[in-house]
A.B. asks: 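Sending over a structure as structure tokens; questions will come in a sec.
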Amino acid sequence: MAAGEGGARRHLALLLLFALLVYFVGNGALTITDPVESNYVETAKEMMASGDLFSPRIYGRYWYDKPVLFYWELIAAFSLFGQTEFAARFFPAVLSAVSLLLTYWFGRRLYGERVGFVAALLMGTSVELWYVGHAVITDMTLFASMSGMLISFYLGYEERRVRWYYLAFFLAGVAVLTKGPIGLCLPGLIILLFLAWERRLRELWSIHILAGFALFFAVAAIWYYPMVRLHGSDFLDTFLGVHNVLRATVSEHPRDNVWYFYVLVYLLGLFPWSFASLPAAVRRVWRRDLSLSRTPAMRFLVVWAVTVFAVFECFATKYVTYTLPYLLPLSLLLARYFAPRRELFRLLAGGMTALFVVLACFVAPPLMEEASGREAAALLAETEQRIAAEAGERPLLVSYGRYSCSLVYYSGLVPYCLRPRSVVLREQPGRGEISWNEKNVMPFLAEEDLPTQRDVLLLTDVEKKGGSAVTEETLHEALSGSWERLAATENGRQLFLRRAERETSSKEMEQ
């Protein structure tokens with residue numbers, strides 16, 4: 001018993017050290033990137049500034065893209081560490097560590113100490129978890145809460161202990177506060193299919209299920225009830241209509257809506273383990289030994305993994321992170337293959353650990369700087385102040401090309417998104433229909449309405465649509481007036497100034 005406890009303590013210490021090394025080291029050097037991470041940090045920043053911790057907002061407008069829990073995590077981290085890159089990535093890293101420990105603990109209960117440890121380290125060294133564990137997005141919080149819910153349900157089912165069911169319903173409420181109805185519907189479907197396979201659907205009629213749903217609604221109502229009271233149909237139509245129903249039925253990125261998308265995500269996201277386990281999978285197919293359902297635990301893990309894959313395969317909108325919830329059951333299933341192959345496991349896990357540290361410290365920082373507006377934000381803020389001091393008034397700030405939310409976050413300035421009037425009318429939200437336009441919440445300005453009696457400071461990319469470089473001449477052809485190129489950043493952002501056409505006084509004309 002003492003030896004077993006010593007092994008558990010050693011494995012626990014190794015997992016904590018691994019999580020610290022792989023998921024925390026280098027986070028302070030990882031710049032906030034566009035287009036996704038910056039939306040979250042800017043929203044949290046504006047919520048803090050407004051003092052309204054219930055209504056997410058961005059660019060001064062209410063923003064119903066995601067529920068509130070991840071914003072609360074960011075606000076808590078910003079309050080503790082300041083508005084830094086490390087703070088923004090703090091909770092994803094913490095929840096990565098929690099997920100590893102949860103996998104180890106559950107795997108240990110199901111299959112023993114060695115398999116639990118291998119499963120946790122296997123999952124932690126997969127490409128997809130490493131990526132999500134560093135990303136400022138909701139998915140790590142959803143992964144931890146949904147995994148905890150499903151594990152709690154299974155323990156309640158196996159041990160016949162009601163407290164596990166109540167914990168499952170509580171965590172379902174947390175998942176719904178993280179990403180909406182999917183936090184209940186997806187694990188609920190997994191549980192339903194598993195109980196049907198077990199021929200135990202009568203479990204759903206327990207009195208404790210009703211009490212559990214009461215607990216779930218109490219947790220979810222912490223945010224949903226005040227939001228409905230404050231914002232009514234605007235919130236419901238946008239949050240449920242656009243960001244849930246539309247996401248499932250109309251592809252946001254049609255080029256990714258192909259049948260093999262999640263096959264590639266599996267192979268690359270679970271690298272190197274997906275490829276290392278292929279020989280065993282081929283042998284099983286050759287021998288026609290395809291049974292993975294010998295025990296209730298294995299049936300539960302199989303249903304969990306397959307249902308996640310199948311559900312999101314049916315979604316019109318596809319993202320790399322959507323199938324993340326299947327990593328835990330897949331890691332437990334694969335761990336039974338890799339646990340006895342100690343040398344192979346040590347080689348792959350050690351190599352991936354070293355690779356991830358090198359990537360976080362040396363490779364990722366310059367790449368993320370390229371995808372960020374931080375450098376342009378500093379240049380824009382400095383130039384805007386100088387021009388304001390010279391002219392006596394602040395110039396009008398406009399963005400010509402792709403709009404950078406990270407620039408807004410780092411600079412505190414909100415330029416207009418400059419487009420032709422026809423594009424503004426077509427892309428701006430509030431047209432009375434459920435469409436992806438509701439995501440375009442940045443302030444728009446039509447090119448035809450660009451004022452002439454005020455200095456205009458324009459930010460643009462070096463490369464414009466079509467591949468032609470933006471210069472003073474091309475700007476003059478596209479936008480009236482004489483444009484002066486002021487400066488450029490290393491990652492291809494340029495600043496141009498157009499002076500106001502101020503009227504000349506009669507005295508100045510005489511001189």
Side-chain angles (χ1 to χ4, degrees), residues 36 96 99 103 118-119 121-135 137-140 142-143 146-147 150 179 182 185-187 189-190 193-194 197 244 246-293 298-338 341 344-345 348-349 351-352 355-356 359:
V36 179
S96 297
S99 299
T103 304
V118 168
L121 205 56
L122 184 154
M123 188 176 75
T125 51
S126 67
V127 170
E128 187 168 8
L129 196 81
W130 179 80
Y131 164 70
V132 178
H134 290 81
I137 53 179
T138 60
D139 295 85
M140 202 65 240
L142 180 69
F143 179 76
M146 187 181 293
S147 298
L150 287 165
K179 211 156 186 175
I182 195 70
C185 295
L186 179 57
L189 179 60
I190 292 168
L193 293 174
F194 170 70
W197 194 352
N244 285 274
L246 190 69
R247 195 175 297 275
T249 57
V250 179
S251 180
E252 186 177 1
H253 308 291
R255 70 180 183 278
D256 295 333
N257 190 17
V258 292
W259 67 268
Y260 54 84
F261 182 85
Y262 287 124
V263 175
L264 296 178
V265 169
Y266 165 76
L267 291 173
L268 299 178
L270 205 55
F271 180 87
W273 312 106
S274 56
F275 288 94
S277 60
L278 278 179
V282 171
R283 283 198 300 271
R284 290 180 72 92
V285 172
W286 181 259
R287 296 172 183 171
R288 297 184 180 180
D289 180 18
L290 303 178
S291 176
L292 286 173
S293 57
M298 292 188 73
R299 288 193 288 271
F300 181 66
L301 295 175
V302 169
V303 170
W304 181 347
V306 172
T307 303
V308 171
F309 184 92
V311 165
F312 289 112
E313 181 64 31
C314 294
F315 269 41
T317 297
K318 291 179 170 57
Y319 277 109
V320 169
T321 58
Y322 276 4
T323 52
L324 182 71
Y326 69 16
L327 274 190
L328 193 150
L330 284 177
S331 298
L332 287 170
L333 292 170
L334 289 173
R336 302 190 69 202
Y337 169 76
F338 286 102
R341 294 165 173 78
L344 175 62
F345 178 75
L348 293 177
M352 293 304 293
L355 175 64
F356 286 153
L359 288 176

A.B. asks: Would you be so kind as to tabulate the donor-acceptor pairs closer than 3.5 Å made by side chains of residues 122-135, with sequence neighbours excluded?
C.D. replies:
unit_1 : atom_1 : unit_2 : atom_2 : d
T125   : OG1    : L121   : O      : 2.8
T125   : OG1    : L122   : O      : 3.2
T125   : OG1    : W273   : NE1    : 3.1
S126   : OG     : M123   : O      : 2.7
H134   : ND1    : W130   : O      : 2.6
H134   : NE2    : V22    : O      : 3.0

A.B. asks: Under the rule for salt bridge (charged side-chain N to carboxylate O under 4.0 Å, His left out), what residues qualify as partners of E313, not counting sequence neighbours?
C.D. replies: none
A.B. asks: For T317, check side-chain hydrogen bond (donor to acceptor under 3.5 Å, both in side chains) against everything at least two apart and list the hits.
C.D. replies: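 For T317 there are no side-chain hydrogen bond (donor to acceptor under 3.5 Å, both in side chains) partners, ignoring immediate neighbours.
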A.B. asks: For Y319, check ring pair (Phe, Tyr, Trp, His ring centres under 6.0 Å) against everything at least two apart and list the hits.
C.D. replies: H253, Y322
A.B. asks: Please tabulate, one pair per line, all N/O donor-acceptor pairs under 3.5 Å involving side-chain atoms of residues 264-271, not counting sequence neighbours.
C.D. replies:
none

A.B. asks: Does the side chain of M298 come within less than 4.5 Å of R336's, by heavy atoms?
C.D. replies: yes
A.B. asks: Please name all residues satisfying salt bridge (charged side-chain N to carboxylate O under 4.0 Å, His left out) with R247, sequence neighbours left out, ordered by chain then number.
C.D. replies: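 Counting only residues at least two positions away or on another chain, R247 forms a salt bridge (charged side-chain N to carboxylate O under 4.0 Å, His left out) with D65, E252.
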A.B. asks: Identify, with sequence neighbours excluded, every residue that meets side-chain contact (heavy atoms from CB on, under 4.5 Å) alongside L355.
C.D. replies: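 With sequence neighbours excluded, L355 shows a side-chain contact (heavy atoms from CB on, under 4.5 Å) to M352, L359, given in chain and number order.
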A.B. asks: According to side-chain contact (heavy atoms from CB on, under 4.5 Å), who are the partners of L193, at least two apart in sequence or on a separate chain?
C.D. replies: L189, V303, T307
A.B. asks: For N257, enumerate each residue passing the side-chain hydrogen bond (donor to acceptor under 3.5 Å, both in side chains) test, keeping only those at least two apart in sequence or located in another chain.
C.D. replies: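 So N257 forms a side-chain hydrogen bond (donor to acceptor under 3.5 Å, both in side chains) with K318.
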A.B. asks: Using 30° and 60° as the class limits, which term best fits the ring planes of F309 and Y326: parallel, tilted or perpendicular?
C.D. replies: parallel
A.B. asks: List the atom of A276, the atom of F338, and the distance in Å for their closest heavy-atom pair.
C.D. replies: CB-CZ, 3.7 Å
